2 protein chains.
Amino acid sequence: MADEMNGVWETCSSASVKRASRRLGQLYEDVLKPTGLRGTQFTLLAQIGMAEAPSLRQLAAALVMDLSALGHTLKPLTRDGLVSLVADASDKRVKRVILTPDGRARLAEAQRHWAVAQRRFEQVLGPDEAKALRQVLAEVSSPDFAARFAAAGREGGEPPAK
Amino acid sequence: MADEMNGVWETCSSASVKRASRRLGQLYEDVLKPTGLRGTQFTLLAQIGMAEAPSLRQLAAALVMDLSALGHTLKPLTRDGLVSLVADASDKRVKRVILTPDGRARLAEAQRHWAVAQRRFEQVLGPDEAKALRQVLAEVSSPDFAARFAAAGREGGEPPAK
DNA sequence: AGTAATTTGTGGTATATGCCACTATCTAAG
DNA sequence: CTTAGATAGTGGCATATACCACAAATTACT
(Lines give C-alpha, C1' and ligand atoms only; values in the text may rest on other atoms or scores of the structure.)
Protein backbone atom coordinates (compact mmCIF):
# COMPACT_ATOMS: atom_id res chain seq x y z
CA MET A 1 0.00 0.00 0.00
CA ALA A 2 2.81 2.36 0.84
CA ASP A 3 4.15 2.53 -2.68
CA GLU A 4 0.92 3.24 -4.46
CA MET A 5 0.05 6.05 -2.09
CA ASN A 6 3.41 7.66 -2.41
CA GLY A 7 2.39 9.22 -5.69
CA VAL A 8 -0.63 10.88 -4.18
CA TRP A 9 1.29 12.24 -1.32
CA GLU A 10 4.07 13.70 -3.39
CA THR A 11 2.18 15.01 -6.37
CA CYS A 12 -1.09 16.36 -5.01
CA SER A 13 -0.90 20.04 -5.81
CA SER A 14 -3.70 20.92 -3.46
CA ALA A 15 -2.02 19.16 -0.56
CA SER A 16 1.31 20.81 -1.41
CA VAL A 17 -0.23 24.25 -1.33
CA LYS A 18 -2.10 23.51 1.89
CA ARG A 19 1.05 22.34 3.62
CA ALA A 20 2.91 25.45 2.54
CA SER A 21 -0.04 27.56 3.59
CA ARG A 22 0.03 26.14 7.09
CA ARG A 23 3.78 26.57 7.38
CA LEU A 24 3.84 30.13 6.11
CA GLY A 25 0.80 30.97 8.17
CA GLN A 26 2.65 29.90 11.29
CA LEU A 27 5.82 31.75 10.31
CA TYR A 28 4.09 35.01 9.44
CA GLU A 29 1.65 34.91 12.33
CA ASP A 30 4.48 34.46 14.74
CA VAL A 31 5.92 37.75 13.52
CA LEU A 32 2.51 39.42 13.52
CA LYS A 33 1.72 38.23 17.01
CA PRO A 34 2.61 41.49 18.79
CA THR A 35 -0.05 43.26 16.73
CA GLY A 36 -2.83 40.94 17.85
CA LEU A 37 -3.82 40.31 14.24
CA ARG A 38 -4.03 36.93 12.56
CA GLY A 39 -2.52 36.59 9.11
CA THR A 40 -5.88 36.47 7.41
CA GLN A 41 -7.04 39.54 9.30
CA PHE A 42 -3.98 41.49 8.25
CA THR A 43 -4.53 40.54 4.62
CA LEU A 44 -8.16 41.52 4.95
CA LEU A 45 -7.37 44.95 6.40
CA ALA A 46 -4.72 45.57 3.75
CA GLN A 47 -7.10 44.67 0.96
CA ILE A 48 -9.89 46.82 2.38
CA GLY A 49 -7.50 49.72 2.72
CA MET A 50 -6.31 49.27 -0.84
CA ALA A 51 -9.69 48.82 -2.46
CA GLU A 52 -11.43 51.76 -0.77
CA ALA A 53 -14.82 50.64 0.44
CA PRO A 54 -15.24 47.42 -1.55
CA SER A 55 -18.50 45.53 -1.42
CA LEU A 56 -18.43 42.20 0.38
CA ARG A 57 -18.67 40.39 -2.90
CA GLN A 58 -15.80 42.32 -4.46
CA LEU A 59 -13.69 41.70 -1.40
CA ALA A 60 -14.50 38.00 -1.42
CA ALA A 61 -13.56 37.72 -5.09
CA ALA A 62 -10.27 39.54 -4.54
CA LEU A 63 -9.39 37.19 -1.69
CA VAL A 64 -10.64 34.09 -3.52
CA MET A 65 -12.87 33.54 -0.55
CA ASP A 66 -16.42 32.32 -0.25
CA LEU A 67 -18.80 35.22 0.39
CA SER A 68 -20.24 33.75 3.55
CA ALA A 69 -16.77 32.80 4.77
CA LEU A 70 -15.80 36.43 4.37
CA GLY A 71 -18.82 37.50 6.35
CA HIS A 72 -17.84 35.20 9.20
CA THR A 73 -14.21 36.25 9.10
CA LEU A 74 -15.21 39.89 9.26
CA LYS A 75 -17.15 39.42 12.48
CA PRO A 76 -14.21 39.61 14.89
CA LEU A 77 -12.91 42.69 13.09
CA THR A 78 -16.19 44.56 13.28
CA ARG A 79 -16.62 43.46 16.88
CA ASP A 80 -13.19 44.91 17.69
CA GLY A 81 -14.01 48.12 15.85
CA LEU A 82 -11.38 47.81 13.12
CA VAL A 83 -13.78 47.80 10.19
CA SER A 84 -17.40 48.74 9.70
CA LEU A 85 -20.07 47.92 7.17
CA VAL A 86 -21.95 50.69 5.44
CA ALA A 87 -24.97 50.29 3.19
CA ASP A 88 -24.54 51.33 -0.39
CA ALA A 89 -26.70 54.31 -1.37
CA SER A 90 -27.79 53.22 -4.83
CA ASP A 91 -28.20 49.48 -4.26
CA LYS A 92 -29.70 48.58 -0.94
CA ARG A 93 -28.48 44.99 -1.20
CA VAL A 94 -24.84 46.01 -1.24
CA LYS A 95 -22.75 46.54 1.86
CA ARG A 96 -19.36 48.19 1.68
CA VAL A 97 -16.52 47.61 4.10
CA ILE A 98 -14.40 50.46 5.39
CA LEU A 99 -11.54 50.76 7.85
CA THR A 100 -12.23 52.66 11.03
CA PRO A 101 -9.53 55.03 12.33
CA ASP A 102 -8.56 52.26 14.74
CA GLY A 103 -8.41 49.86 11.81
CA ARG A 104 -6.11 52.15 9.86
CA ALA A 105 -3.82 52.55 12.83
CA ARG A 106 -3.68 48.83 13.48
CA LEU A 107 -3.00 48.14 9.82
CA ALA A 108 -0.16 50.65 9.73
CA GLU A 109 1.42 49.08 12.78
CA ALA A 110 0.94 45.56 11.48
CA GLN A 111 2.48 46.49 8.17
CA ARG A 112 5.79 47.23 9.87
CA HIS A 113 5.82 43.77 11.43
CA TRP A 114 4.70 42.15 8.21
CA ALA A 115 7.62 43.74 6.38
CA VAL A 116 9.98 41.93 8.72
CA ALA A 117 8.45 38.56 7.92
CA GLN A 118 8.39 39.32 4.23
CA ARG A 119 12.05 40.33 4.25
CA ARG A 120 12.98 37.11 5.99
CA PHE A 121 11.02 35.08 3.51
CA GLU A 122 12.72 36.70 0.54
CA GLN A 123 16.07 36.27 2.17
CA VAL A 124 15.60 32.58 2.87
CA LEU A 125 13.97 31.54 -0.39
CA GLY A 126 15.77 34.05 -2.56
CA PRO A 127 14.14 37.10 -4.20
CA ASP A 128 13.89 35.57 -7.65
CA GLU A 129 12.39 32.32 -6.42
CA ALA A 130 9.97 34.26 -4.24
CA LYS A 131 8.82 36.40 -7.11
CA ALA A 132 8.42 33.42 -9.43
CA LEU A 133 6.45 31.59 -6.76
CA ARG A 134 4.04 34.49 -6.31
CA GLN A 135 3.51 34.71 -10.05
CA VAL A 136 2.63 31.05 -10.42
CA LEU A 137 0.36 31.20 -7.40
CA ALA A 138 -1.36 34.26 -8.82
CA GLU A 139 -2.04 32.35 -11.99
CA VAL A 140 -3.42 29.38 -10.09
CA SER A 141 -5.60 31.70 -8.00
CA SER A 142 -7.03 33.54 -10.99
CA PRO A 143 -10.61 33.08 -12.17
CA ASP A 144 -9.17 32.22 -15.56
CA PHE A 145 -7.38 29.23 -14.12
CA ALA A 146 -10.57 28.02 -12.49
CA ALA A 147 -12.40 28.42 -15.78
CA ARG A 148 -9.77 26.47 -17.68
CA PHE A 149 -9.80 23.79 -14.99
CA ALA A 150 -13.55 23.41 -15.33
CA ALA A 151 -13.30 23.44 -19.11
CA ALA A 152 -10.74 20.65 -19.02
CA GLY A 153 -13.30 18.57 -17.19
CA ARG A 154 -16.13 19.26 -19.60
CA GLU A 155 -14.38 19.16 -22.93
CA GLY A 156 -11.28 17.08 -22.42
CA GLY A 157 -11.81 13.43 -23.19
CA GLU A 158 -11.41 12.45 -19.62
CA PRO A 159 -11.66 8.84 -18.52
CA PRO A 160 -14.46 8.53 -15.96
CA ALA A 161 -13.39 8.54 -12.33
CA LYS A 162 -15.53 5.59 -11.47
CA MET B 1 -3.60 54.75 1.07
CA ALA B 2 -4.26 52.62 -1.94
CA ASP B 3 -0.74 52.86 -3.32
CA GLU B 4 1.10 52.00 -0.15
CA MET B 5 -1.05 48.96 0.45
CA ASN B 6 -0.61 47.67 -3.05
CA GLY B 7 2.80 46.34 -2.16
CA VAL B 8 1.45 44.31 0.69
CA TRP B 9 -1.33 42.88 -1.35
CA GLU B 10 0.84 41.85 -4.24
CA THR B 11 3.94 40.64 -2.50
CA CYS B 12 2.74 38.91 0.67
CA SER B 13 3.82 35.34 0.16
CA SER B 14 1.59 34.04 2.89
CA ALA B 15 -1.47 35.69 1.36
CA SER B 16 -0.52 34.40 -2.09
CA VAL B 17 -0.31 30.86 -0.83
CA LYS B 18 -3.55 31.17 1.09
CA ARG B 19 -5.43 32.44 -1.93
CA ALA B 20 -4.11 29.61 -4.06
CA SER B 21 -4.93 27.17 -1.28
CA ARG B 22 -8.54 28.31 -1.22
CA ARG B 23 -8.85 28.15 -4.99
CA LEU B 24 -7.28 24.73 -5.35
CA GLY B 25 -9.22 23.47 -2.38
CA GLN B 26 -12.46 24.39 -4.13
CA LEU B 27 -11.35 22.91 -7.44
CA TYR B 28 -10.18 19.61 -5.99
CA GLU B 29 -13.04 19.26 -3.54
CA ASP B 30 -15.52 19.72 -6.31
CA VAL B 31 -14.04 16.68 -8.02
CA LEU B 32 -13.80 14.78 -4.73
CA LYS B 33 -17.40 15.58 -3.86
CA PRO B 34 -18.91 12.25 -5.02
CA THR B 35 -16.67 10.44 -2.53
CA GLY B 36 -17.97 12.42 0.44
CA LEU B 37 -14.42 13.27 1.46
CA ARG B 38 -13.03 16.76 1.94
CA GLY B 39 -9.64 17.52 0.46
CA THR B 40 -7.90 17.49 3.81
CA GLN B 41 -9.52 14.21 4.72
CA PHE B 42 -8.34 12.60 1.49
CA THR B 43 -4.81 13.81 2.10
CA LEU B 44 -5.01 12.51 5.64
CA LEU B 45 -6.16 9.06 4.57
CA ALA B 46 -3.51 8.90 1.85
CA GLN B 47 -0.77 9.82 4.28
CA ILE B 48 -1.97 7.35 6.90
CA GLY B 49 -2.08 4.64 4.26
CA MET B 50 1.40 5.49 3.09
CA ALA B 51 3.03 5.79 6.49
CA GLU B 52 1.60 2.58 7.97
CA ALA B 53 0.35 3.33 11.47
CA PRO B 54 2.08 6.65 12.14
CA SER B 55 1.82 8.24 15.55
CA LEU B 56 -0.24 11.39 15.78
CA ARG B 57 2.87 13.47 16.13
CA GLN B 58 4.54 11.92 13.10
CA LEU B 59 1.41 12.45 11.08
CA ALA B 60 1.13 16.05 12.18
CA ALA B 61 4.75 16.72 11.26
CA ALA B 62 4.31 15.15 7.83
CA LEU B 63 1.27 17.30 7.17
CA VAL B 64 2.84 20.43 8.67
CA MET B 65 -0.15 20.54 10.94
CA ASP B 66 -0.51 21.42 14.60
CA LEU B 67 -0.86 18.30 16.71
CA SER B 68 -4.11 19.37 18.30
CA ALA B 69 -5.48 20.49 14.94
CA LEU B 70 -4.77 17.01 13.65
CA GLY B 71 -6.60 15.52 16.60
CA HIS B 72 -9.66 17.61 15.85
CA THR B 73 -9.51 16.90 12.14
CA LEU B 74 -9.33 13.18 12.82
CA LYS B 75 -12.55 13.21 14.82
CA PRO B 76 -14.98 13.04 11.88
CA LEU B 77 -12.93 10.26 10.31
CA THR B 78 -12.92 8.13 13.45
CA ARG B 79 -16.60 8.88 13.97
CA ASP B 80 -17.33 7.63 10.44
CA GLY B 81 -15.21 4.54 10.97
CA LEU B 82 -12.56 5.30 8.36
CA VAL B 83 -9.60 5.38 10.74
CA SER B 84 -8.98 4.20 14.26
CA LEU B 85 -6.49 4.99 16.98
CA VAL B 86 -4.49 2.22 18.59
CA ALA B 87 -2.27 2.57 21.61
CA ASP B 88 1.40 1.87 21.07
CA ALA B 89 2.66 -1.16 22.96
CA SER B 90 6.04 0.10 24.07
CA ASP B 91 5.22 3.76 24.78
CA LYS B 92 1.86 4.27 26.42
CA ARG B 93 1.78 7.94 25.48
CA VAL B 94 1.81 7.21 21.78
CA LYS B 95 -1.28 6.59 19.71
CA ARG B 96 -1.03 5.26 16.20
CA VAL B 97 -3.52 5.86 13.43
CA ILE B 98 -4.58 3.08 11.10
CA LEU B 99 -7.05 2.81 8.24
CA THR B 100 -10.05 0.59 8.81
CA PRO B 101 -11.18 -1.63 5.92
CA ASP B 102 -13.83 0.99 5.19
CA GLY B 103 -11.13 3.62 5.22
CA ARG B 104 -9.01 1.71 2.74
CA ALA B 105 -11.96 1.23 0.42
CA ARG B 106 -12.93 4.87 0.58
CA LEU B 107 -9.35 5.94 -0.03
CA ALA B 108 -9.09 3.69 -3.08
CA GLU B 109 -12.28 5.12 -4.52
CA ALA B 110 -11.27 8.70 -3.75
CA GLN B 111 -7.92 8.19 -5.37
CA ARG B 112 -9.60 7.58 -8.71
CA HIS B 113 -11.44 10.88 -8.45
CA TRP B 114 -8.36 12.67 -7.22
CA ALA B 115 -6.43 11.48 -10.26
CA VAL B 116 -8.95 13.28 -12.46
CA ALA B 117 -8.42 16.58 -10.65
CA GLN B 118 -4.69 16.14 -10.67
CA ARG B 119 -4.66 15.43 -14.40
CA ARG B 120 -6.67 18.56 -15.05
CA PHE B 121 -4.33 20.61 -12.94
CA GLU B 122 -1.27 19.41 -14.78
CA GLN B 123 -2.96 19.96 -18.09
CA VAL B 124 -3.98 23.54 -17.29
CA LEU B 125 -0.79 24.70 -15.61
CA GLY B 126 1.57 22.54 -17.59
CA PRO B 127 3.47 19.51 -16.25
CA ASP B 128 6.78 21.30 -15.89
CA GLU B 129 5.31 24.30 -14.12
CA ALA B 130 3.32 22.00 -11.88
CA LYS B 131 6.37 20.01 -10.92
CA ALA B 132 8.44 23.13 -10.28
CA LEU B 133 5.66 24.55 -8.15
CA ARG B 134 5.47 21.45 -5.98
CA GLN B 135 9.22 21.49 -5.51
CA VAL B 136 9.29 25.09 -4.32
CA LEU B 137 6.32 24.50 -2.06
CA ALA B 138 8.00 21.43 -0.62
CA GLU B 139 11.03 23.55 0.21
CA VAL B 140 8.90 26.21 1.84
CA SER B 141 7.05 23.57 3.83
CA SER B 142 10.19 21.87 5.08
CA PRO B 143 11.37 22.12 8.68
CA ASP B 144 14.65 23.37 7.31
CA PHE B 145 12.96 26.37 5.76
CA ALA B 146 11.25 27.18 9.06
CA ALA B 147 14.59 26.89 10.83
CA ARG B 148 16.30 29.21 8.38
CA PHE B 149 13.40 31.64 8.65
CA ALA B 150 13.74 31.73 12.41
CA ALA B 151 17.52 32.04 12.15
CA ALA B 152 17.16 35.02 9.82
CA GLY B 153 15.21 36.71 12.59
CA ARG B 154 17.70 35.97 15.31
CA GLU B 155 21.00 36.48 13.57
CA GLY B 156 20.28 38.75 10.66
CA GLY B 157 20.75 42.41 11.52
CA GLU B 158 17.09 43.13 11.22
CA PRO B 159 15.73 46.60 11.82
CA PRO B 160 13.21 46.46 14.65
CA ALA B 161 9.58 46.22 13.59
CA LYS B 162 8.48 48.88 15.98
C1' DA C 1 15.36 5.51 43.58
C1' DG C 2 13.48 10.18 43.09
C1' DT C 3 12.70 14.25 41.08
C1' DA C 4 12.96 17.57 37.17
C1' DA C 5 12.53 18.20 32.39
C1' DT C 6 10.64 16.44 28.17
C1' DT C 7 7.39 14.32 25.21
C1' DT C 8 2.59 12.79 23.62
C1' DG C 9 -2.04 13.55 23.52
C1' DT C 10 -6.63 15.72 24.93
C1' DG C 11 -10.06 19.35 25.58
C1' DG C 12 -11.45 24.14 25.48
C1' DT C 13 -11.82 28.29 22.96
C1' DA C 14 -11.37 31.18 18.92
C1' DT C 15 -10.76 32.09 14.18
C1' DA C 16 -11.04 30.35 9.19
C1' DT C 17 -13.68 28.46 5.59
C1' DG C 18 -17.30 26.38 2.86
C1' DC C 19 -22.13 24.86 1.61
C1' DC C 20 -26.91 25.42 1.89
C1' DA C 21 -31.28 27.60 2.81
C1' DC C 22 -33.44 31.90 3.18
C1' DT C 23 -34.41 37.03 2.85
C1' DA C 24 -34.15 41.35 0.57
C1' DT C 25 -33.43 43.75 -3.49
C1' DC C 26 -32.84 44.56 -8.17
C1' DT C 27 -33.54 43.59 -13.24
C1' DA C 28 -35.67 41.96 -17.15
C1' DA C 29 -39.56 39.85 -19.65
C1' DG C 30 -44.35 40.40 -20.84
C1' DC D 1 -47.05 47.10 -13.65
C1' DT D 2 -46.28 42.47 -12.39
C1' DT D 3 -43.94 38.62 -12.04
C1' DA D 4 -39.93 35.48 -12.88
C1' DG D 5 -35.12 35.25 -12.46
C1' DA D 6 -30.72 37.04 -10.99
C1' DT D 7 -27.80 39.12 -7.32
C1' DA D 8 -26.05 40.49 -2.42
C1' DG D 9 -25.88 39.20 2.15
C1' DT D 10 -27.13 36.57 6.51
C1' DG D 11 -27.33 32.65 9.58
C1' DG D 12 -26.86 27.81 10.63
C1' DC D 13 -24.06 23.86 10.56
C1' DA D 14 -19.80 21.31 9.75
C1' DT D 15 -14.98 20.94 9.10
C1' DA D 16 -10.15 23.03 9.42
C1' DT D 17 -6.69 24.99 12.14
C1' DA D 18 -4.19 27.12 15.92
C1' DC D 19 -2.89 28.20 20.78
C1' DC D 20 -3.12 27.26 25.55
C1' DA D 21 -3.48 24.66 29.70
C1' DC D 22 -3.51 20.22 31.47
C1' DA D 23 -2.79 15.08 32.23
C1' DA D 24 -0.13 10.94 31.52
C1' DA D 25 4.06 8.75 30.53
C1' DT D 26 8.96 8.68 29.63
C1' DT D 27 13.63 10.18 30.03
C1' DA D 28 17.45 12.54 32.14
C1' DC D 29 19.89 14.02 36.11
C1' DT D 30 21.43 13.64 40.72
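On a predicted model such as this, the values are computed, not experimentally measured, just so you know. The chains referred to below are lettered A, B, ... by the order of the sequence lines, with proteins before strands, and numbering in each begins at 1.
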Rounded to whole Å, please give me the gap between [atom1] in [X] and [atom2] in [N].
{"X": "Glu29(A)", "N": "dC19(D)", "atom1": "CD", "atom2": "P", "answer": "7 Å"}
{"X": "His72(A)", "N": "dA14(D)", "atom1": "NE2", "atom2": "P", "answer": "13 Å"}
{"X": "Arg38(A)", "N": "dA18(D)", "atom1": "CZ", "atom2": "P", "answer": "9 Å"}
{"X": "Leu67(A)", "N": "dG11(D)", "atom1": "CG", "atom2": "C1'", "answer": "12 Å"}
{"X": "Leu27(B)", "N": "dG18(C)", "atom1": "CG", "atom2": "P", "answer": "12 Å"}
{"X": "Leu24(A)", "N": "dT17(D)", "atom1": "CG", "atom2": "P", "answer": "14 Å"}
{"X": "Leu59(A)", "N": "dA8(D)", "atom1": "CG", "atom2": "C1'", "answer": "14 Å"}
{"X": "Met65(A)", "N": "dC19(C)", "atom1": "CE", "atom2": "C1'", "answer": "15 Å"}

Does OP1 or OP2 of dT10(D) have a side-chain N or O of Lys75(A) closer than 4.0 Å?
-> no

Phosphate-side-chain proximity, Lys33(A) and dA18(D), N/O vs OP1/OP2 below 4.0 Å = no

In one Ile/Leu/Val/Met/Phe/Trp/Tyr side-chain cluster, 4.5 Å: [X], [Y]:
{"X": "Leu67(A)", "Y": "Leu27(B)", "result": "yes"}
{"X": "Val64(B)", "Y": "Leu24(A)", "result": "no"}
{"X": "Phe121(A)", "Y": "Val116(A)", "result": "yes"}

Rounding to 0.5 Å, atoms CG (Leu137(B)) and CD (Gln135(B)) come to a distance of 10.5 Å

Closest to the [X] side chain: [options]?
{"X": "Ser68(B)", "options": "dT8(C), dA18(D), dT17(C)", "value": "dA18(D)"}
{"X": "Leu56(B)", "options": "dT17(C), dG9(C), dA18(D)", "value": "dG9(C)"}
{"X": "Gln41(A)", "options": "dT15(C), dT10(D), dG11(D)", "value": "dT15(C)"}
{"X": "Ala69(A)", "options": "dT17(D), dT17(C), dG9(C)", "value": "dT17(C)"}

Short side-chain to backbone donor-acceptor contact, Gln118(B) and Thr11(A), under 3.5 Å | yes

Quick one: does Arg96(B)'s side chain have a donor or acceptor within less than 3.5 Å of a partner on Pro54(B)'s backbone?
-> no

Pair Thr78(A)-Asp80(A), side-chain donor/acceptor within less than 3.5 Å = no

Arg57(B) vs Asp66(A), nearer the 5' end of DNA chain C by closest nucleotide | Arg57(B)

Whichever of Pro76(B) and Val64(B) has its nearest DNA chain D nucleotide further upstream toward 5' | Pro76(B)

Could you pick out which residue, Gln26(A) or Gln58(A), lies toward the 5' side of DNA chain D when each is mapped onto its nearest nucleotide?
-> Gln58(A)

Looking at every strand, decide which applies to Arg96(B) at a 4.0 Å heavy-atom threshold: base, sugar-phosphate, or nothing.
-> nothing

Ion pair check, Glu139(B) and Arg148(B), cut-off under 4.0 Å = yes

Residues from residues 82-94 of chain B lying under 4.0 Å of DNA chain D - heavy atoms = Ser90(B), Asp91(B), Lys92(B), Arg93(B)

